[in-house]
Amino acid sequence: MFKSIICIVPHNQGEFINEAALQAGASGGSIIMGRGTASNSVLQLLGLGDTSKDITYNIVDNQIEEKVRTAIYNASQTKKAHFGVMFSLNVDTFIRSGNNSKNSDSKGAENMNKNEYEMLNIIVNKGYAEDAMAAARKAGAGGGTIINARGTAKEGDAKFFGINIVPEKEMLIILAPSDKKDDIINAIKSLPCFSEAGSGIIFCSEVQDFTLLGKN
């Protein structure tokens with residue numbers, strides 16, 4: 001079984017995170033640019049301000065996950081407090097390009113029920129992520145990260161979950177306490193930008209090993 005170790009850190013610090021992961025045995029990682037949306041009142045929790053962010057993804061085998069997480073955490077101690085956040089997600093299928101073999105294993109799911117945080121992923125048409133974040137804050141969310149995206153299909157192609165995928169999109173990622181998930185989802189669903197069929201989707205994942213990065 002594999003784990004995805006995800007870190008959200010200031011822009012241009014993604015390579016720093018990936019280097020620490022590589023030193024601990026990770027085979028490599030990916031960096032995606034986003035922007036934080038947190039207000040000052042929650043910086044102590046998430047370390048995410050209204051600035052550019054790097055989001056790093058490292059897929060590692062369970063056997064070295066703890067070693068990689070520890071290496072990233074220790075490396076971040078050289079950075080300022082509230083440098084960023086780190087968390088893990090289960091990966092039940094992992095396929096490498098050029099290799100027809102795959103790992104498909106759902107073991108360990110029974111250990112996820114006690115997780116304290118959820119990762120909420122909200123995809124909306126461009127320009128509406130800030131509205132979604134504002135509604136989420138009122139429902140108890142601390143902050144989030146927005147990623148610009150776009151569909152890859154040609155006009156007239158089949159829709160993805162009923163969404164027109166050609167126009168530009170924004171993906172809002174929110175790390176929220178599990179007990180606030182339903183309130184946040186309901187608040188976003190009530191927005192006018194969600195009233196039209198096919199205007200957006202929300203999906204959630206249980207977060208494991210939520211850790212603040214930076215000096216203690």
Side-chain angles (χ1 to χ4, degrees), residues 1-91 94 96 108 111-112 114-121 129 133 136-137 140-149 170-178 180 205-216:
M1 188 171 176
F2 292 88
K3 287 286 188 72
S4 175
I5 300 175
I6 303 172
C7 298
I8 304 176
V9 294
H11 181 45
N12 289 330
Q13 294 298 311
E15 293 289 352
F16 172 83
I17 295 295
N18 280 351
E19 180 60 28
L22 285 170
Q23 293 295 325
S27 59
S30 299
I31 302 172
I32 298 174
M33 285 186 60
R35 56 188 174 91
T37 64
S39 60
N40 290 335
S41 62
V42 296
L43 287 178
Q44 292 77 14
L45 173 62
L46 293 180
L48 303 177
D50 291 312
T51 57
S52 296
K53 298 292 175 182
D54 281 355
I55 307 168
T56 68
Y57 290 80
N58 281 275
I59 309 297
V60 300
D61 190 280
N62 271 5
Q63 294 180 345
I64 66 168
E65 182 220 355
E66 186 61 31
K67 181 179 179 182
V68 174
R69 283 174 33 78
T70 299
I72 292 173
Y73 177 82
N74 289 340
S76 76
Q77 294 302 299
T78 63
K79 302 294 184 179
K80 63 181 181 180
H82 313 303
F83 174 63
V85 298
M86 173 173 60
F87 56 95
S88 303
L89 299 176
N90 277 335
V91 175
F94 181 46
R96 293 184 178 90
N111 296 324
M112 298 175 62
K114 296 182 180 180
N115 293 332
E116 297 180 356
Y117 286 88
E118 294 257 354
M119 180 179 180
L120 282 64
N121 304 270
M133 187 67 246
R137 276 203 189 100
T145 301
I146 296 173
I147 300 171
N148 292 325
E170 290 177 332
M171 181 173 181
L172 171 63
I173 299 173
I174 298 174
L175 297 179
S178 297
K180 295 184 181 297
S205 301
E206 292 175 310
V207 168
Q208 298 177 304
D209 306 312
F210 180 86
T211 305
L212 292 173
L213 298 176
K215 289 183 179 179
N216 295 326

**OP:** Provide the closest heavy-atom pair for G29 versus N58 in the form atom of the first, atom of the second, distance.
**Re:** CA-OD1, 3.4 Å
Subject >> Min side-chain heavy-atom separation V85-L213 under 4.5 Å >> reply: no
**OP:** Would you please name every residue forming a side chain to side chain donor-acceptor pair (under 3.5 Å) with T211, sequence neighbours left out?
**Re:** R69
**OP:** Check side chain to side chain contact (heavy atoms under 4.5 Å, CB included) between D54 and all other residues, then give those that pass, not counting sequence neighbours.
**Re:** V9, H11, I31, M33
Original post:
When rounded to the nearest 0.5 angstrom, what distance separates OH in Y57 from OG in S4?
Top reply: 7.0 Å
**OP:** Could you pull out all residues at least two apart from A71 that satisfy side chain to side chain contact (heavy atoms under 4.5 Å, CB included)?
**Re:** A24
Original post:
Would you say V207 and L89 make side-chain contact, with heavy atoms under 4.5 Å?
Top reply: yes
Original post:
For E118, what residues pass the side chain to side chain donor-acceptor pair (under 3.5 Å) criterion, not counting sequence neighbours?
Top reply: none
**OP:** On the 0 to 90° scale, with breaks at 30° and 60°, tag the F83-F16 ring pair as parallel, tilted or perpendicular.
**Re:** perpendicular
Subject >> Side chain T70, main chain K67, donor-acceptor under 3.5 Å >> reply: no
Subject >> Residues forming a side chain to side chain donor-acceptor pair (under 3.5 Å) with S88, sequence neighbours excluded >> reply: E65
Original post:
Does Q77 reach the main-chain N or O of G214 with its side chain, forming a donor-acceptor pair under 3.5 Å?
Top reply: yes
Original post:
Looking at residues at least two apart in the chain, or sitting in another chain, which of them share a side chain to side chain donor-acceptor pair (under 3.5 Å) with Q23?
Top reply: E19
**OP:** Could I get the full list of side chain to side chain contact (heavy atoms under 4.5 Å, CB included) partners for D61, not counting sequence neighbours?
**Re:** F2, Q63
Original post:
About how many Å separate CD1 of I6 and CG of L175, when rounded to the nearest 0.5 Å?
Top reply: 8.5 Å
**OP:** State, yes or no, whether a side-chain contact exists between M133 and I146 at a heavy-atom distance under 4.5 Å.
**Re:** no
Original post:
Are side-chain heavy atoms of F87 and M119 found at a separation under 4.5 Å?
Top reply: yes
